[in-house]
Amino acid sequence: EIYEEVGEKFNINSSKQLGQILFEKLNLPPVKKIKTGYSTNEEVLQTLCLIRPSLKKILDYRQLFKLESTYIRPFPGLINPRTGRIHTSFNQTVTATGRLSSSQPNLQNIPIRNKFGEKFRQAFIAEEGNLFLSADYSQIELRILAHLSGDPNLKKAFDRNEDIHQQTAAEIFNVLPLQLTSQMRRLAKVVNFGIVYGISSYGLARDLGISQKEAEEYIQHYFQRYPQVKEYLGQVVKKAREKGYVRTLLGRKRYLPGILSSNRKMREMAERAAINTPIQGGAADLIKLAMVNLEKRFREEELEAWIILQIHDELIFEVPERELDETRRIVKEEMEGAMKLSVPLVVETKVGKNWAEMSS
DNA sequence: GCGATCACGTA
DNA sequence: GTACGTGATCGCG
């Protein structure tokens with residue numbers, strides 16, 4: 001159908017060929033340029049759909065092809081003949097922030113939001129008599145930011161265990177929580193993510209599809225309400241300039257060679273890394289500590305449970321059914337207590353027979 | 001065969 | 001705007 005729409009056969013997987021068809025043959029407006037020519041990424045195709053709705057088919061094709069080639073086709077060949085299971089490798093010395101990475105296969109990026117995500121996760125099944133237990137830190141990065149910055153307003157939200165995005169929305173729009181719309185919450189959520197990533201008005205504008213000026217206003221408003229966050233972020237960057245590196249909660253260093261660069265793009269990228277690393281790396285420190293403590297506790301308490309996956313802010317365990325309640329209690333205790341921060345840590349647990357059917 | 005690039009899956 | 005890994009294509013050799 002796609003070939004018919006554009007009047008010829010071509011390789012849809014080739015962004016180069018697709019670009020030639022869309023922007024040279026069909027003369028569609030090149031929404032975004034990249035080093036090598038025209039971008040054909042999802043955002044661009046979405047925009048072009050307004051002119052030519054049939055391009056939706058290309059997006060659908062892309063999604064299905066990605067899932068088939070990355071998550072379906074390779075997996076049967078990765079089953080270990082001895083164990084009958086798939087075993088990932090966790091790499092300890094790869095990332096710049098101290099996170100783990102996972103490869104061969106990467107089990108830290110199995111689809112979940114996608115409408116087919118559930119189907120994939122159904123394929124991961126606990127051994128007969130066992131269950132999967134997942135335990136994830138709630139809003140860990142923003143809690144670490146609250147701890148590091150000491151901002152009273154941000155801390156207040158966590159002390160009361162409130163919905164942080166809703167709280168931020170109420171702050172930046174200056175309305176009562178009851179007057180909030182889902183649109184306002186969505187926007188606040190994007191702003192919160194932006195803060196953790198070392199926000200720029202450029203990036204925020206792009207994410208929200210608003211002007212850079214509007215984005216700047218949101219950021220200003222945020223910092224007005226969370227002044228110590230602003231103060232803290234400024235200090236982090238200043239210290240990075242002085243020392244040439246930043247540190248995470250447990251003292252891990254990340255050097256930032258670009259921090260004094262005369263090239264603005266390089267320098268600003270290093271500044272964002274300076275902001276993000278203590279937060280992302282701090283969360284990595286925390287969960288690693290929890291993992292070590294948990295393994296010890298499992299041995300001490302003679303529990304059979306074991307960690308099967310770590311996905312940055314989440315641990316997944318395989319647990320004999322009869323040990324579920326005790327394991328769950330200990331997991332929550334060890335994870336929430338791994339470090340004493342100035343805001344509470346909250347861990348949510350779920351249980352299921354497979355990776356898709358996990359309920360509280 | 002290798003590396004760069006793009007696109008896209010996760011936190 | 002942060003951090004990754006994988007698959008496909010493509011140009012170079």
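Proteins come first, then strands; the chains are lettered A, B, ... in the order of their sequence lines, and each starts at number 1. Predicted model, so just to flag it, every value in this text is computed and none were measured.
The side-chain hydrogen bond (donor to acceptor under 3.5 Å, both in side chains) check on E43(A) picks up nothing, with sequence neighbours excluded.
When the nucleotides dG1(C), dA8(C), dA3(C) are ranked by their closest atom to the side chain of S200(A), dG1(C) comes out on top. Distances were taken from every side-chain heavy atom of T40(A) (C-beta onward) to each of dA7(B), dG5(C), dG9(B); the shortest belongs to dA7(B). Listed nucleotides: dC4(C), dG7(C), dT10(B). Nearest to the side chain of A96(A): dC4(C). Here the nucleotide nearest the side chain of N13(A), chosen from dT10(B), dA8(C), dG1(C), is dA8(C). Across dG9(B), dT9(C), dT2(C), the shortest atom-to-atom separation from the side chain of Q63(A) is found for dG9(B). Checking dC6(B), dT6(C), dA11(B) against every side-chain atom of D313(A), the shortest atom distance belongs to dA11(B). Residue K66(A) has its side chain nearest to dC8(B) when only dC8(B), dC6(B), dG1(C) are considered. Closest to the side chain of S103(A), from the set dT5(B), dT10(B), dT6(C), is dT6(C). The side chain of A273(A) approaches dA3(C) more closely than any other nucleotide in the set dA8(C), dG5(C), dA3(C). For S69(A), whose side chain is taken as the heavy atoms from C-beta onward, the closest listed nucleotide among dC8(B), dG1(C), dG7(C) is dG7(C).
Using a 30° and 60° split on the angle between ring planes, F23(A) and Y38(A) fall in the tilted class, from 30° to 60°.
Per the geometry, CD1 belonging to I34(A) stands 11 Å off P belonging to dC8(B), to the nearest Å. What separates CG of L67(A) from C1' of dG7(C) is a distance of 12 Å, to the nearest Å. Residue N91(A) contributes atom CG, which lies 20 Å from atom P of dT10(B) at whole-angstrom precision. Across the protein-nucleic acid pair, I195(A) atom CD1 and dT2(C) atom P stand 14 Å apart, rounded to whole Å. Spacing between atom CZ of F90(A) and atom P of dA11(B) amounts to 14 Å, rounded to whole angstrom units. To the nearest angstrom, P of dG9(B) lies 10 Å from CG of L59(A). Here dA11(B) presents its P atom at 10 Å from CD of Q108(A), a figure rounded to the nearest Å. Distance CG (N11(A)) to C1' (dA7(B)): 14 Å, rounded to an integer number of Å.
Judged by distance alone, the side chains of N192(A) and K189(A) never bring a donor and an acceptor atom under 3.5 Å apart.
Residue R113(A) places at least one side-chain N or O closer than 4.0 Å to OP1 or OP2 of dA11(B). Taking only side-chain nitrogens and oxygens, R73(A) comes nearer than 4.0 Å to OP1 or OP2 of dA8(C). An OP1 or OP2 oxygen of dA7(B) is reached within less than 4.0 angstrom by no side-chain nitrogen or oxygen of R62(A). The side chain of T36(A) contributes no N or O atom lying less than 4.0 Å from OP1 or OP2 of dA4(B). Dashed line: the shortest gap from a side-chain N or O of N106(A) to OP1 or OP2 of dT10(B) is not under 4.0 Å. For the pair Q17(A) and dC10(C), the criterion of a side-chain N or O lying under 4.0 Å from OP1 or OP2 is met. Contact annotation: R99(A) does not reach the phosphate of dC4(C) (side-chain N/O to OP1 or OP2, under 4.0 Å). Between S39(A) and dC6(B) there is no side-chain polar atom (N or O) within less than 4.0 angstrom of OP1 or OP2. Considering only side-chain N and O atoms, T95(A) lies nowhere under 4.0 angstrom from the phosphate OP1 or OP2 of dA3(C).
The base of dG1(C) sits within donor-acceptor range of the side chain of D207(A), with an N or O pair under 3.5 Å. A donor-acceptor contact under 3.5 angstrom links the side-chain atoms of N109(A) to the base of dG9(B).
Residue I311(A) is in sugar-phosphate contact alone, with no base atom involved, counting any heavy-atom pair closer than 4.0 Å across all strands shown. I275(A) comes within 4.0 angstrom of no nucleic acid atom, judged by non-hydrogen atoms across all strands. Within 4.0 Å (heavy atoms only), Q104(A) reaches sugar-phosphate atoms of the nucleic acid but no base atom. Among the atoms of the strands shown, none is found under 4.0 Å from any heavy atom of E268(A). Residue V191(A) is out of contact with every strand shown, counting any heavy-atom pair closer than 4.0 Å. F65(A) comes within contact range of the sugar-phosphate backbone alone, with a heavy-atom separation under 4.0 Å but no base atom that close. S201(A) comes within contact range of no nucleotide atom at all, as no heavy-atom separation falls under 4.0 Å.
The 12-atom threshold is not exceeded at CD of E4(A), counting heavy atoms of other residues, nucleotides or ligands nearer than 6.0 Å.
We find that E141(A) and R99(A) are joined by a salt bridge, their nearest charged nitrogen and carboxylate oxygen being less than 4.0 Å apart. Note on R62(A) versus E42(A): no salt bridge recorded, every NZ/NE/NH1/NH2 to OD/OE distance being 4.0 Å or above. Between R329(A) and E301(A) there is no salt bridge, since no side-chain N of the basic residue sits under 4.0 Å from a carboxylate O of the acidic one. K353(A) has no carboxylate O lying under 4.0 Å from a charged side-chain N of E357(A), or vice versa, which leaves the two without a salt bridge.
Ring-centre distance between F116(A) and F120(A): not below the 6.0 Å cut-off.
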Report each atom pair, protein N/O against N/O of nucleotides 11-13 of chain C, whose distance is under 3.5 angstrom.
| from | atom 1 | to | atom 2 | distance (Å) |
| --- | --- | --- | --- | --- |
| dG11(C) | OP1 | K16(A) | NZ | 2.5 |

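With E271(A) as the fixed residue, the salt bridge (charged side-chain N to carboxylate O under 4.0 Å, His left out) test singles out one of K239(A), R241(A), K238(A): R241(A).
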